[in-house]
Amino acid sequence: SPHVMMIRDGAEVFAREHNVEMVPESYFFTESRWNALQRALEAQGRPMPQRPPGVAGGADEAAHEDDPEHKFGTVGAVALDRHGNIAAATSTGGMTAKRFGRVGDVPIIGGGTYANQQCGVSATGHGEFFIRNVVAYDICARMQYLGISLQQAADDVVMNRLVQQGGDGGIIALDARGNFAMPFNSAGMYRGRIDAAGRVTTAIFRDER
Ligand code: ASP
């Protein structure tokens, strides 16, 4: 498509036309996220919605998802190909107990996701802060305008600018030379990388960057 961004019905039609696999809403249901939602709504004195159709009760598969330290369920990827093209992608269920109609940073190009010829960024965290600060674009722009490294630009934004404002989260980023940065100001961030030689590294807490 010549377009950069499509939403709702039009996006679904486009996806179907391109044979993207479709699944029922119940596919996305997990008992642990449902329980987390229930607790968040109760705490805010808000009513609980109906269980979605086609979903049976069951055991809690992943208890740690209820832990406030693990409240972000976003998945992101940034890749550099052999021709020097950079791509970034981010997918999320958003934040627990968000308002109906709320749009987070993830689909906002430049907010939670961005790539140009020099740099690609995918973010996770408290989306409102990432939108206000246009975080993904800001990191790439700082690199370009200030002539600083990706790591420096990413640290300046995630570890300084966002921290000053109380914006929790982190990012994964790559530049055109294959340098990467994965700073986060939360307790942990599930992350991994693979380099051109096939070396894989994964980490959760502050043990590797
Ligand atoms: N950034 C996402 C949002 O605000 C949440 C997340 O990263 O889990 O919707």
Side-chain angles (χ1 to χ4, degrees), residues 4-8 11 25 27-41 43-44 46 49 52 60-79 87-115 119-140 153-174 180-193 202-206 209:
V4 168
M5 190 170 181
M6 283 187 265
I7 64 162
R8 288 186 54 119
E25 281 182 23
Y27 172 88
F28 298 102
F29 183 94
T30 67
E31 197 67 31
S32 58
R33 297 301 300 147
W34 183 254
N35 293 341
L37 173 64
Q38 199 154 10
R39 272 196 293 282
L41 290 175
Q44 295 171 23
R46 289 164 56 194
D60 197 333
E61 317 93 20
H64 74 253
E65 286 186 26
D66 294 344
D67 180 340
E69 292 302 341
H70 292 90
K71 61 179 178 273
F72 303 129
T74 297
V75 179
V78 186
T90 318
S91 171
T92 193
M95 292 182 73
T96 305
K98 62 186 178 284
R99 262 197 76 108
F100 181 57
R102 180 251 189 192
V103 177
D105 59 315
V106 163
I108 305 295
I109 303 302
T113 310
Y114 185 74
C119 161
V121 177
S122 172
T124 181
H126 194 151
E128 281 66 17
F129 291 87
F130 285 72
I131 296 175
R132 286 190 198 107
N133 291 283
V134 202
V135 161
Y137 180 72
D138 191 27
I139 292 171
C140 295
D155 282 345
D156 288 349
V157 174
V158 176
M159 309 310 281
N160 291 330
R161 211 176 144 89
L162 284 179
V163 169
Q164 280 159 19
Q165 298 171 30
D168 286 355
I171 61 110
I172 56 171
L174 265 180
F180 71 93
M182 303 198 271
F184 53 95
N185 62 38
S186 44
M189 182 175 80
Y190 291 78
R191 59 201 188 282
R193 70 189 155 96
T202 57
I204 299 176
F205 298 107
R206 222 158 284 286
R209 26 192 280 169

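Every number for a ligand or one of its atoms is a count from 1 in the order of the listing. In this text the structure is predicted, and so the values were computed from the model without any measurement.
Distances below 4.0 Å separate heavy atoms of Met95 from the following atoms of ligand 1: 3 (C), 4 (O), 5 (C), 9 (O). Atoms of ligand 1 lying under 4.0 Å from at least one heavy atom of Thr124, given by number and element, are 6 (C), 7 (O), 8 (O). For ligand 1, the atoms sitting less than 4.0 Å from at least one non-hydrogen atom of Gly94 are 9 (O), numbered in the order shown with element in parentheses. Near Thr74, meaning under 4.0 Å from any of its heavy atoms, are these atoms of ligand 1: 2 (C), 5 (C), 6 (C), 7 (O), 8 (O).
Under a 4.0 angstrom heavy-atom cut-off, Glu128 registers as lying outside contact with ligand 1. The shortest separation from a heavy atom of Gly125 to ligand 1 is under 4.0 Å, placing the residue in contact.
Not a single donor-acceptor pair under 3.5 Å links the side chain of Thr74 to the backbone N or O of Thr124.
Applying the 6.0 Å contact sphere to CD of Gln44 captures more than 12 heavy atoms from other residues, nucleotides or ligands.
Between Asn133 atom CG and Gln165 atom CD the span is 4.0 Å, to the nearest 0.5 Å. Rounding to the nearest 0.5 angstrom, the gap separating the CZ atom in Arg46 from the CG atom in Leu37 is 8.0 Å.
In summary, of the residues considered (Ile108, Leu162, Val106), a side-chain contact (heavy atoms from CB on, under 4.5 Å) with Phe130 occurs for Leu162 alone.
Between Tyr114 and Tyr137, the angle of the ring planes goes over 60°, which puts this pair in the perpendicular group of the 30/60° scheme.
At least one N or O atom of Asp105, backbone or side chain, sits closer than 3.5 Å to an N or O atom of ligand 1.
Here Arg102 has side-chain heavy atoms under 4.0 Å from ligand 1, and that is the only part of it that gets that close. Using a 4.0 Å cut-off between heavy atoms, Thr92 contacts ligand 1 through its side chain alone, with no backbone atom that close.
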Exercise for the section: With side-chain contact (heavy atoms from CB on, under 4.5 Å) as the test, would you mind laying out the steps for Arg161 and Asp156 before giving the verdict? Expected result: CA-CA 6 Å; Arg161 211 176 144 89; Asp156 288 349; over 6 Å; no

